[in-house]
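What follows is a set of notes on a single structure, which appears directly below.
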Amino acid sequence: MSKRKLDAKAFAQQKRKRRQWLTFVRMCRYGVNNFSRNAWLTIAATAVMTITLLVVFVTLSARSVLVDTVSEIRDKVDMSIYVKKDISNDDIKTIQAGLEGLTSSVRGVTFVSSEQARQDFAQSEKASSSTLNAINESTNEFPGIFRIKPVDINKTDELRRFVATNSTLKANIDPKREPSFAGQRRDAIESIGRWVGFAEKAGIIASIIFMAISSLIVFNTIRMAIFNRKDEIQMMKLIGADRNFIRGPFVVEAVVYGFIAAVLATAIGVTLLFTTKDKLIDYDVAIQGTIDFTTTYLGFVLLGMILLGAIIGIISSLLATRRYLKI
């Protein structure tokens with residue numbers, strides 16, 4: 001191929017790129033103009049997009065708070081094995097080592113002596129003088145307690161096998177008190193575990209449902225904007241405008257909706273977190289971790305919201321232009 005042909009080909013490529021860039025700039029300009037020329041439609045679309053992103057922000061924040069709260073509940077729930085008050089130190093060490101060896105079921109083990117259990121009970125009942133007098137006058141009948149932090153409060157089979165088979169524990173276990181993962185207390189603990197699992201699954205399902213509903217709302221809003229300019233689009237098609245050129249301004253317009261809505265939704269969402277913080281903490285809801293994460297990574301949170309708004313807007317506008325205008 002001659003040098004003249006190569007130069008002509010390079011010139012044609014540059015011209016095509018320049019034309020594509022000019023088309024892109026025009027689409028962006030038309031999209032921004034569309035955004036600004038119809039105030040009521042712009043306000044309505046931006047408001048719907050803001051509500052959409054706010055629902056997503058609140059849903060994800062609520063799930064984060066729920067997960068942290070569930071984690072705290074799990075940390076507070078322990079299981080107990082009661083042993084005789086006169087158990088020897090060697091037996092305590094042997095049993096504790098055996099329990100700590102159940103790594104698939106046990107996260108930690110602590111032993112509370114009979115005397116310490118009595119002191120803890122007296123401290124918890126210090127407001128009742130009659131109870132304190134009874135404790136002081138009676139002999140110590142409190143058992144020793146192995147307090148166990150389980151990996152999963154619904155899975156106690158390994159612990160039950162340990163209680164049934166460990167000879168040292170069987171020789172020292174308190175016959176008057178069943179372990180807390182057996183009998184009536186076992187049902188209560190497993191009920192807590194089931195509710196914890198249900199709450200986590202419900203949070204995930206709620207997030208998916210709200211995002212689907214929000215996407216549908218945005219889709220209908222973009223469709224309304226397209227129908228409002230249907231005559232203009234038909235005229236553009238008649239003069240030979242490219243499909244992408246017709247579709248482009250609506251995509252740009254949707255991205256602008258997403259950008260503004262993301263900023264507003266993030267600001268409102270962060271404000272809601274801080275305004276509800278004290279009340280939720282009073283109800284033992286673990287919200288502080290979510291607030292710390294949001295404030296530390298606020299820039300990334302905002303960027304994620306902008307990207308989500310842009311994605312929702314782009315997909316909704318593309319589907320609307322394709323399905324309802326058949327371009």
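For the single chain, residues carry numbers from 1 onward in sequence order. It should be emphasised that the depicted structure is a prediction, and the values quoted were computed from it without experimental measurement.
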Check this for me: F259, atom CZ, are more than 12 non-hydrogen atoms of other residues, nucleotides or ligands nearer than 6.0 Å? no
Side chain to side chain donor-acceptor pair (under 3.5 Å), that's the test. Do D91 and S88 meet it? Break it down for me. CA-CA 5 Å; D91 287 345; S88 66; 3.2 Å; yes
F146 side, atom CZ; E100 side, atom CD - distance, nearest 0.5 Å: 9.5 Å
Consider only side-chain N and O atoms of S64 and T290, and report whether a donor and an acceptor are under 3.5 Å apart. yes
Does any non-hydrogen side-chain atom of S167 lie less than 4.5 Å from one of K170? no
side-chain contact (heavy atoms from CB on, under 4.5 Å), that's the test. Do S104 and V151 meet it? Break it down for me. CA-CA 7 Å; S104 62; V151 174; over 6 Å; no
Side-chain touch T266/L298, heavy atoms, less than 4.5 angstrom: yes
Side-chain donor or acceptor of S114 paired with backbone N/O of P143 under 3.5 Å: no
Can you hop from L307 to V255 via hydrophobic side chains spaced under 4.5 Å? no
Can you list the steps and then say if I287 with T276 is a side-chain contact (heavy atoms from CB on, under 4.5 Å)? CA-CA 9 Å; I287 192 175; T276 58; 4.0 Å; yes
Hey, mind stepping through K277 and I291 against side-chain contact (heavy atoms from CB on, under 4.5 Å) and telling me if it holds? CA-CA 9 Å; K277 172 184 173 182; I291 291 177; 3.8 Å; yes
Honestly curious: do I268 and F57 fall in one hydrophobic cluster under the side-chain, below-4.5 Å linking rule? no
Smallest heavy-atom separation, L273 atom then S61 atom, equals CD2-CB, 4.3 Å
Any side-chain to backbone donor/acceptor pair from S105 onto L102? Under 3.5 Å, distance only. no
Carboxylate-amine/guanidinium contact R177 D174, below 4.0 Å: yes
Are the side chain of Q96 and the backbone of V109 linked by a donor-acceptor contact shorter than 3.5 Å? yes
Is there a path of hydrophobic side-chain contacts, each under 4.5 Å between heavy atoms of I/L/V/M/F/W/Y residues, joining V163 to F111? yes
Non-hydrogen side-chain atoms of T94 and L169 separated by less than 4.5 Å: no
So, the side chain of R147 versus the backbone of S80: is there a donor-acceptor pair under 3.5 Å, distance only? no
Got a second to check how far F300's CZ is from F293's CZ, nearest 0.5 Å? 9.5 Å
Hey, quick one: are I173 and I92 part of the same hydrophobic cluster, counting side-chain heavy atoms closer than 4.5 Å, chains of contacts allowed? yes
Ignoring hydrogens and geometry, is there a side-chain-to-backbone donor-acceptor pair from T275 to L272 under 3.5 Å? yes
Check the pair T110 / I145 against side-chain contact (heavy atoms from CB on, under 4.5 Å), numbers first and verdict last. CA-CA 8 Å; T110 57; I145 307 171; over 6 Å; no
Quick check for you: to the nearest 0.5 Å, what is the distance between L159 atom CG and N166 atom CG? 11.5 Å
Same apolar cluster: L302 and L264, side chain cutoff 4.5 Å: yes
